[in-house]
Amino acid sequence: MRLILSKYLNSNTDAAPLAVFRILFGGIMCFSMLRFQYYGWIEQLYVAPDFFFSYLGFEWVKPLGDYTYGLFFLCGLSAFFVMIGWQYRLAIITFFLSFSYIELMDKTNYLNHYYFVSCIAFILCFLPANARYSFDSRRYNLSPNIPRWSIDSIKFMLSIVWFYAGLAKLNSDWLLEAQPLSIWLKAKYDLPVLGALLQKESFHYLFSWSGMLYDLTIPFLLWFSATRKIAFVAVVVFHILTWILFPIGIFPWVMIASALIFFEASTYQQVFNWINNLWRSFSFAELRRPIVSFGQTTLPYSESNSSKPNLSIESKTVTTPKNTTARKFTLAVLSLFFIVQLLIPFRHLLYEGELFWTEEGYRFSWRVMLMEKAGYANFKVIDPDTDRSFYVQNGNFLHPLQEKQMATQPDFILEYAHHLEQHYQREGIRDPQIYVESYVALNGRRSEPFIDPKVDLTTIKPSLKPKTFILPFKGEIKGF
Amino acid sequence: MYMKENLITMKRLFFLALLSLTFACGDDEQPGGGNEPVDNFDRQEMLFNWADNFIIPGYTALAEKTNTLKEAGASFSETPDATNYTNLVSAWEDAYLHFQDVSMFEIGKAEELRLTNNLNIYPTDVDALNNNVLEGDYNLELPSQIATQGFPALDYLLFGIADGQDALIEFYQTDANADAYLQYLKALTLRIDSLIQAVLADWTDTYRDEFVNNTGNAATASVDKLVNDYIFYYERHLRAGKIGIPAGVFSGSALPQNVEGLYSKDKSKALLNRALDAVQAFFNGTHTTGNSNTESLKSYLDYLEIQKDGQNLSTIINNQFEAARTTASELDDNFSTQVENDNTKMLATYDQLQLNVVPLKVDMLQAFNINVDFVDADGD
């Protein structure tokens with residue numbers, strides 16, 4: 001066993017799939033930052049608001065006022081350098097840190113997709129993704145061969161995302177009620193051809209079940225060479241469909257590009273040859289040369305490189321499969337990372353109550369597209385010194401998206417209550433008591449009371465402890 | 001080899017398409033058809049109804065009234081006598097009531113011009129207004145000037161600047177600054193009219209087609225935007241503005257100075273009732289234009305068979321509108337005196353208005369999958 005593991009860890013492979021992955025990932029992320037600015041979201045989400053919802057333990061991460069634009073610029077710029085593979089290690093670490101900082105600034109904007117990007121960026125910090133098709137590889141003569149596990153770790157991360165997303169769909173709302181797809185698809189009435197079909201209940205079930213089967217099986221179908229091509233077709237069809245149907249931004253393209261990493265280097269060779277042939281047949285005779293050369297641009301690794309800074313670590317690990325400290329460290333960190341990844345989505349088992357209702361342990365678990373929640377939270381402030389009481393106009397403190405997210409998630413409600421407490425303390429109320437009357441509708445059910453209106457929320461500290469101020473869910477959702 | 005795999009792929013795709021088709025046709029052929037509605041609810045019909053039977057007729061009627069208001073303002077500032085005063089007051093009241101019919105449609109040009117902010121922010125900032133008049137140097141387009149103009153500012157100028165009609169007319173005839181006040185009054189009526197004419201012109205020129213053809217389901221689509229505007233208006237301007245804020249719901253102590261129609265004294269209730277009627281008529285899609293389309297929020301909810309506790313959600317919402325109207329009928333014409341004399345009736349009306357927020361904002365929005373804002377989402 002130990003021998004097999006050690007043999008695996010020492011086996012090398014062509015770096016082409018990882019290098020192409022790096023180019024596409026960096027490119028899409030760079031585009032994503034430009035898109036964020038183009039739509040005015042930096043201003044709208046991070047500069048204009050006065051208040052931001054924090055992740056527990058990351059209260060110190062806040063937008064930087066006008067410097068927030070600089071942060072996005074840095075993030076986009078580092079993504080660009082990742083793409084071209086110039087000072088790759090520095091670029092990917094900068095990207096990981098700046099991107100994660102952005103995501104931590106306001107949990108209102110949490111998306112599994114963004115978390116996925118952070119996870120991939122973290123892994124990429126440890127991988128020699130610049131071994132080919134990069135400025136670094138030419139400059140430092142990097143070996144085109146890299147450890148097999150480095151490509152496999154990206155594949156494994158992708159597999160976790162799909163498989164856990166599939167597991168999360170094994171519940172009665174998704175499979176037996178076709179919720180929330182039923183609500184979402186019906187609203188897509190104006191799509192040509194599809195719009196009319198999407199009104200049909202049978203289609204909601206078709207989409208629910210095929211989505212579940214897709215998520216659970218696609219990692220396996222991509223790993224096995226026999227099914228890889230058909231699986232990739234399925235990836236393209238599935239994610240383009242989600243792109244048409246749902247407002248999920250660039251994520252479909254991230255997933256389609258990422259899935260390419262499952263192909264062997266030889267497949268890349270075939271595609272590049274095909275492109276070269278195509279190019280030749282269209283170009284003049286004197287220009288006949290390959291636009292993409294394969295396996296020739298990089299020289300074999302030579303010891304002289306070790307004197308060069310920055311990139312010597314992975315070069316060494318590639319060609320000298322000894323247990324250097326750096327290699328041990330990398331493997332230990334990534335192993336730990338994956339163990340955490342495998343366990344975290346199950347942390348909701350530590351809590352009682354319906355996960356979709358309480359959302360205790362909901363985030364960071366690849367639970368995607370599982371819920372349609374609408375809510376309303378009406379906060380009452382009582383000044384015990386004067387017995388004066390009044391209600392809060394949430395619009396004075398939160399932008400519409402924050403208000404929507406706040407109204408359906410208990411940790412937001414609690415954090416907002418504490419924010420209100422501080423606000424009214426500054427207004428001169430010594431010890432404001434804050435109660436909330438709130439209603440939430442989940443997955444097509446009618447609204448129900450959500451938070452116990454008799455609990456003074458200022459007496460509860462935000463923590464990971466079970467939130468006893470959530471009223472029990474009256475419906476029932478069976479399954480994972 | 002490559003060809004063969006392609007062929008297999010093609011075959012599978014074809015099979016998948018066939019499977020989908022079988023699924024799609026399957027339930028049409030079911031005996032009885034099940035209880036699933038087969039016909040598509042045409043949301044564009046709803047947009048036609050909103051644009052052609054509510055918004056455009058609403059602005060058309062209002063624009064006539066604001067034109068009259070503008071002319072009455074000009075006459076009064078020319079000759080401030082009792083006849084012109086009576087004409088101006090009646091033109092102001094007429095226009096103010098008609099404004100209640102369209103204030104919820106803060107979309108397109110109205111959104112761009114921030115119509116409600118410019119026309120109906122109360123209480124009026126009397127000091128700033130007097131300052132404008134006496135300095136003579138003001139720009140009503142500035143955001144800082146929202147509380148010195150519109151219908152509430154006219155309310156002050158027509159009723160609040162002196163006590164009683166005779167004293168008022170005397171003020172405008174004899175006060176040292178009378179002319180400056182008359183010029184300001186005229187400027188306000190001009191601005192109200194020009195804002196409304198601009199919004200109406202935009203609707204009739206180009207925006208109507210843009211509106212009815214923006215049929216998608218995104219935060220930028222017409223249905224999503226207008227439903228968000230509608231609920232925002234109901235919560236903020238109707239529930240809170242007209243009742244909640246003066247009743248002290250958001251401050252803990254009653255604010256009788258914050259009622260709509262503070263100086264005219266007997267208009268608050270009429271304005272509330274008009275707004276309540278408008279909001280309910282819009283919900284039900286009932287109109288008097290003679291056009292045939294009637295699709296509405298109500299018919300959309302009924303099409304989706306949205307029920308709560310065994311009752312149609314649309315019925316619950318309508319009953320709640322009625323309950324609010326019944327409670328409001330107990331109120332004095334002058335909300336300011338109502339707040340001072342018996343605020344419990346104001347609070348009771350607020351409670352009834354509040355009870356419709358959850359059905360509208362939570363249950364209805366969920367049923368329609370209304371997007372709140374244009375950002376990426378992954379549905380959690």
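The sequence lines fix the lettering, A, B, ..., with proteins before strands; numbering per chain opens at 1.
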Residue A:Arg363 versus chain B: region with a heavy atom under 4.5 Å: neither
Gap separating the CZ atom of B:Arg239 from the CD atom of A:Gln393, nearest 0.5 angstrom: 6.5 Å
To the nearest 0.5 angstrom, please state how far the OH atom of A:Tyr189 sits from the OG1 atom of B:Thr215. 6.0 Å
In the structure I gave you, are the side-chain heavy atoms of A:Tyr439 and B:Val357 within less than 4.5 Å of one another anywhere? no
Check for a donor-acceptor pair, side chain of B:Asp363 on one end and backbone N or O of A:Ser447 on the other, with a separation under 3.5 Å. yes
Hey, what do you get for NZ (A:Lys404) to CG (B:Asn371), rounding to the nearest 0.5 Å? 7.5 Å
Using non-hydrogen atoms only, which part of A:Asn394 is less than 4.5 Å away from chain B: side chain, backbone, both, or neither? neither
Contact between A:Arg446 and B:Ile306 at the side-chain level, heavy atoms closer than 4.5 Å - yes or no? yes
Here the gap from A:Phe379 atom CZ to B:Phe250 atom CZ, rounded to the nearest 0.5 Å, amounts to 13.5 Å
Against chain A, work out which of B:Leu365, B:Ile370, B:Val362, B:Asn228 has the most heavy-atom pairs shorter than 4.5 Å and name it. B:Val362
Who wins among B:Gln44, B:Glu235, B:Gln307 for the most heavy-atom pairs under 4.5 Å with chain A? B:Gln307
Looking at every non-hydrogen atom in both residues, tell me the closest pair between B:Phe368 and A:Ala187 and how far apart they are. O-CB, 4.0 Å
Partner chain B: residue of A:Asp387, A:Asn396, A:Leu198, A:Asp383 with the largest heavy-atom pair count (under 4.5 Å): A:Asn396
Nearest non-hydrogen partners of A:Ile183 and B:Asn369, listed with the distance: CG2-CB, 3.8 Å
Around atom NZ of A:Lys380, are there more than 12 heavy atoms of other residues, nucleotides or ligands at under 6.0 Å? no
Please look at A:Val381 and chain B and tell me whether the side chain, the backbone, both or neither of the residue comes under 4.5 angstrom of a heavy atom of that chain. neither
Please flag which part of B:Ala367 lies under 4.5 Å from any non-hydrogen atom of chain A: side chain, backbone, both or neither. backbone
Report yes if the side chains of A:Leu442 and B:Gln366 come closer than 4.5 Å at any heavy-atom pair, otherwise no. no
Euclidean distance, A:Tyr376 OH relative to B:Leu360 CG, rounded to 0.5 Å: 11.0 Å
Contacting moiety of A:Phe356, where chain B heavy atoms sit under 4.5 Å: neither
Does a side-chain N-to-carboxylate-O contact under 4.0 Å join B:Lys361 and A:Glu403? yes
